[in-house]
A.B. asks: 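Quick one: the structure is below, and I'll ask about it shortly.
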There are 2 protein chains.
Amino acid sequence: MDAIDRSLVELLRGNARLSYAELARQVGLSAPAVHERVGKLESGGVIRAYRAEVEPEAIGLGVTALIGIVEDSGGDTDDVLETFRQMPEIESCYFMAGVESFLLKARVGTIAELEQLIVRLSRTPGVASTRTGIALSTKWENRPQPIEPPAS
Amino acid sequence: MDAIDRSLVELLRGNARLSYAELARQVGLSAPAVHERVGKLESGGVIRAYRAEVEPEAIGLGVTALIGIVEDSGGDTDDVLETFRQMPEIESCYFMAGVESFLLKARVGTIAELEQLIVRLSRTPGVASTRTGIALSTKWENRPQPIEPPAS
DNA sequence: CACCCTCCGTGGACGCGATCGACCGGAGCC
DNA sequence: GGCTCCGGTCGATCGCGTCCACGGAGGGTG
């Protein structure tokens, strides 16, 4: 991870569809060199995926909710997690410090679907209680932040 | 937005670097036709961007926090928002229903940086209080969910 | 019913990009 | 000094992106 790798990561975070030739121009290397570097970033786990970012409303997911989960003292955390993983509406899942073990970001089409999701979550073995907040609007999301070189 | 458009969106959400030729094979059209459709999805706002998804630890952002913000009754929401927007650590910003007007997802390198961020947030005019939860681990994030055709 | 217009696709052509292999130069080590 | 390894450039080949001309389906109109 030198300065050129950081530039490449930053360029690809801004636009994942840049060609290798274009990346090469931006960082001042040849296209094959860039190709090899990006390949190593991918296989080294630095770049996990390339994703198109989609307007959720356009694909029928107009309702965003953030849901805190308090675990049952008797439950098995891994089982709970596995159950969450089966629910496609849950786009993100963080294991948190604090009373609420998990924080979930879920997206559904309607409030009715959200209700059903919350019911399913509440019924999940190991879940003691849920607390749901509805996002009225998303101001921005997953904004890439500039990479600063490791303070050495 | 017909079935082919939905397939294209789904394919690109899974891998934004697929070539037009590959997309064309997957959906059974020619490459120019796919090119045009994808172009319309982009300019129509359905596809907002293409982003490389990066392992945050690899770029020195090992600490993820979720921060609820309670607004001052006297403050101007737009000004508060603008202040948040200036802070690159805030990757996502949702305007919420409930006591906490905003929920922020922030990523920083160290707990010390998180402390500084919280101090800056607390001092922001219009912010009455903050409540921070630290993500011990991210189980998954921004998982694309399968697109279901609008129930017509 | 014939006609035309529009939309959306195909096929062909051409230039550029992706990618492979051969080669090369500097750093580190005997 | 010379070997080896790493990471780069260069050149060639093949496939892809992209532009353009053409064509067929569908709908509105005289």
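The chains referred to below are lettered A, B, ... by the order of the sequence lines, with proteins before strands, and numbering in each begins at 1. Bear in mind the structure is a predicted one, so any value in this text is a computation, not a measurement.
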A.B. asks: Measure the distance from CD on B:Glu22 to C1' on D:dG17 and round it to the nearest whole Å.
C.D. replies: 15 Å
A.B. asks: Hey, are A:Glu42 and A:Tyr50 close enough side-chain-wise for a donor-acceptor pair under 3.5 Å?
C.D. replies: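 Per modelled atom types, A:Tyr50 and A:Glu42 side chains form a pair under 3.5 Å.
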A.B. asks: Strictly below 4.0 Å, N to O, side chains only: are B:Asp78 and B:Arg85 in salt-bridge contact?
C.D. replies: no
A.B. asks: With rounding to the nearest 0.5 angstrom, report the CG to CG distance, A:Leu29 to A:Leu8.
C.D. replies: 7.5 Å
A.B. asks: Counting side-chain heavy atoms from C-beta on, which of D:dG8, D:dG17, C:dG17 comes nearest to A:Leu29?
C.D. replies: D:dG8
A.B. asks: Let me know the distance between CG of B:Asp5 and C1' of C:dG9, rounded to the nearest Å.
C.D. replies: 13 Å
A.B. asks: Just how far, in rounded Å, is C1' of C:dT10 from OH of B:Tyr20?
C.D. replies: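 Going from B:Tyr20 (OH) to C:dT10 (C1'), I get 18 Å.
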A.B. asks: Reading DNA chain C from 5' onward, which residue's closest nucleotide shows up sooner: B:Asp2 or B:Arg17?
C.D. replies: B:Asp2
A.B. asks: What nucleotide, of C:dC20, C:dG9, D:dT18, holds the atom closest to the side chain of B:Ala33?
C.D. replies: C:dG9
A.B. asks: If you compare every side-chain N and O of B:Arg25 against the phosphate oxygens of D:dC16 (OP1, OP2), does one of them come in below 4.0 Å?
C.D. replies: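 Looking at the OP1 and OP2 atoms of D:dC16, one of them is under 4.0 Å from a side-chain N or O of B:Arg25.
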A.B. asks: Is B:Arg107 salt-bridged to B:Glu89, cutoff N-O under 4.0 Å?
C.D. replies: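 A salt bridge is absent here (no side-chain N lies under 4.0 Å from a carboxylate O).
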A.B. asks: Under 4.0 Å between a side-chain N/O of A:His35 and OP1 or OP2 of C:dT19, yes or no?
C.D. replies: yes
A.B. asks: Can a salt bridge be assigned to the pair A:Glu91 and B:Arg143 using a cut-off of 4.0 Å between side-chain N and carboxylate O?
C.D. replies: no
A.B. asks: Round to the nearest Å and state the distance from B:Glu36 atom CD to D:dG17 atom C1'.
C.D. replies: 14 Å
A.B. asks: Please determine whether a side-chain nitrogen of the Lys or Arg among B:Glu36 and B:Lys40 lies less than 4.0 Å from a carboxylate oxygen of the Asp or Glu.
C.D. replies: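 Looking at B:Lys40 together with B:Glu36, the answer is yes, because their closest N to O distance falls below 4.0 Å.
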A.B. asks: Counting side-chain heavy atoms from C-beta on, which of D:dC16, D:dT18, C:dA18 comes nearest to B:Ala21?
C.D. replies: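 Between D:dC16, D:dT18, C:dA18, the one nearest the side chain of B:Ala21 would be D:dC16.
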A.B. asks: Report the distance from atom CG of B:Leu23 to atom P of D:dC16, rounded to the nearest whole Å.
C.D. replies: 12 Å
A.B. asks: Under 4.0 Å from any atom of DNA chain D, heavy atoms only: list the residues of residues 39-55 of chain B that qualify, in numerical order.
C.D. replies: none
A.B. asks: May I ask you to say what B:Ser19 touches in the nucleic acid, namely base, sugar-phosphate or nothing, with a heavy-atom cut-off under 4.0 Å?
C.D. replies: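 Sugar-phosphate: the residue B:Ser19, judged by heavy atoms under 4.0 Å, touches backbone atoms but no base.
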A.B. asks: Under the side-chain hydrogen bond (donor to acceptor under 3.5 Å, both in side chains) rule, what do B:Ser101 and B:Glu71 come out as? Steps first, then yes or no, please.
C.D. replies: CA-CA 6 Å; B:Ser101 307; B:Glu71 266 188 295; 3.0 Å; yes
